[in-house]
Protein chains: 2
Amino acid sequence: MFIGEFHHNIDDKGRIAIPSKYREILGNNFVITRGIEHCIYVYPNDTFNHIVTKLESLPFTKKDARAFTRFFMSGATAIELDKQGRVNVPSPLINYANLSKKCVIVGTGDRLEIWDEEAFNEFMSSCNDEMSDIAENLFEEKI
Amino acid sequence: MFIGEFHHNIDDKGRIAIPSKYREILGNNFVITRGIEHCIYVYPNDTFNHIVTKLESLPFTKKDARAFTRFFMSGATAIELDKQGRVNVPSPLINYANLSKKCVIVGTGDRLEIWDEEAFNEFMSSCNDEMSDIAENLFEEKI
DNA sequence: TAGATTGTGGGGAAAAGTGGGGGATAAATA
DNA sequence: TATTTATCCCCCACTTTTCCCCACAATCTA
């Protein structure tokens, strides 16, 4: 399970180090892709394949299915870590997530997310106030 | 499985290089045809044949079936890669997809899509904002 | 404080993409 | 039918990008 928050830099060549703690779980081969709030999702292969299977069950004749599949699959890249434990992030993803230098890597249970530091701070502070409302509607019964 | 996004140029002769990563999957012979959002679909032969079988099961007495089959089949061209790994795109398809120079080739699971770069950017940015909503309604249960 | 682990940066070889020239084949016209 | 014109491919060469390796810096640990 992925938990925690790490601050790393992405260099000029688009490389960013995966925290060693996460490498133990991910291994050397995994998948990264576009995430919904302009961040990058990092999935172990199994988890990614599971989502792909679900997406492939949707017909390409449906507009929303095409859009989301395109969004999710076109952003995807099979990663093999280099010997220093870094990911080479493809430039479309760097642009999408607006990564410049300072990045945040956070664990969210079944995946990691890579954020531009500034964007992450903004997102967090923007929903800190709403968190009470957000939580309100998550479950109907006691969890 | 086709994933990822590549930016290549189509030259004056209508040739565009297929990313080497995809060539491994496609081989030298495959099919391209009109895609739904004014892009070009690229299918391995097997996948294309499968879709054709599905289309042939639709009755030609239905107007929509006739229209879609005509759209899909009339655009189709059997491709043989040249020795540099490039496709010669027929001019009707170049016109249909509005290809000028900069193109984007994206993997969307079972096929590739070739887009004019500008058109692709517009499409993506137009649905970036909605992606959250689109994702919201794709599945009812946990996937 | 010494050693190991983790993160950062850069240089160089190999691969991939791009563009243009030329020859063969097919089509068009007189 | 002969000549011209156009089209299609193949080949070569250049440029750009990617990947792999090495080296250093910073941090943590014993």
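Note: hydrogens, waters and symmetry copies are ignored here, and every other heavy atom, side chains too, is used. Letters go in sequence order (proteins before strands), and every chain restarts at 1.
A:His8 has its NE2 atom 7 Å from the C1' atom of C:dG7, to the nearest Å. When rounded to the nearest whole Å, the span between CD1 of A:Ile16 and C1' of C:dG9 equals 14 Å. The CG atom of B:Asn28 sits 14 Å away from the P atom of D:dC9 (whole-angstrom rounding). Atom CG of A:Asp12 and atom P of C:dT8 are 13 Å apart (whole Å). Distance, B:Glu80 CD to D:dC9 P: 9 Å, rounded to whole Å. B:Tyr22 places its OH atom 17 Å from the C1' atom of C:dA15, with the value rounded to the nearest Å. Between B:Arg86 atom CZ and D:dC10 atom C1' there is a gap of 9 Å when expressed in whole angstrom units. Rounded to whole Å, atom P of C:dG17 lies 13 Å from atom CD1 of B:Ile114.
Relative ring orientation between B:Phe68 and A:Phe60 is described as tilted, the plane-to-plane angle lying within the 30° to 60° band. Ring geometry for A:Trp115 against A:Phe123 counts as tilted: the plane angle lies between 30° and 60°, on a 0 to 90° scale.
A donor N or O paired with an acceptor N or O is found under 3.5 Å between the base of C:dG21 and the side-chain atoms of B:Lys13.
For the OP1/OP2 pair of C:dG17 and a distance below 4.0 Å, the side-chain nitrogens and oxygens of B:Arg23 include at least one atom meeting the criterion. In this model, the phosphate group of D:dC19 is approached by a side-chain N or O of A:Asn88 to a distance below 4.0 Å at OP1 or OP2. For the OP1/OP2 pair of D:dC21 and a distance below 4.0 Å, the side-chain nitrogens and oxygens of A:Lys83 include at least one atom meeting the criterion.
Here C:dG7 is the nucleotide among D:dC22, C:dG7, C:dA16 with the atom lying nearest to any side-chain atom of A:Pro19. The side chain of A:Arg15 lies closest to C:dG10, out of C:dG20, C:dG10, C:dA16. The side chain of A:Gln84 lies closest to D:dC22 when the candidates are D:dC19, D:dC22, D:dC11. When distances run from any side-chain atom of B:Asp82 to the nucleotides C:dT8, C:dT18, D:dC10, the shortest one goes to D:dC10.
Classification of B:Glu113 and B:Arg111 as a salt-bridged pair holds, one side-chain N sitting under 4.0 Å from a carboxylate O.
Heavy atoms of B:Leu81 sit nowhere under 4.0 angstrom from any nucleic acid atom. Within 4.0 Å (heavy atoms only), B:Lys21 reaches no atom of the nucleic acid at all.
Comparing B:Asp11 and B:Glu24, the nucleotide of DNA chain C nearest to each residue sits closer to the 5' end for B:Glu24.
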B:Arg34 and B:Ser74: CA distance, side-chain angles, deciding distance, side-chain hydrogen bond (donor to acceptor under 3.5 Å, both in side chains) verdict: CA-CA 8 Å; B:Arg34 277 193 197 91; B:Ser74 75; 2.7 Å; yes

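When hydrophobic residues (I, L, V, M, F, W, Y) are linked wherever their side-chain heavy atoms come within less than 4.5 Å, the members clustered with A:Ile134 are A:Met131.
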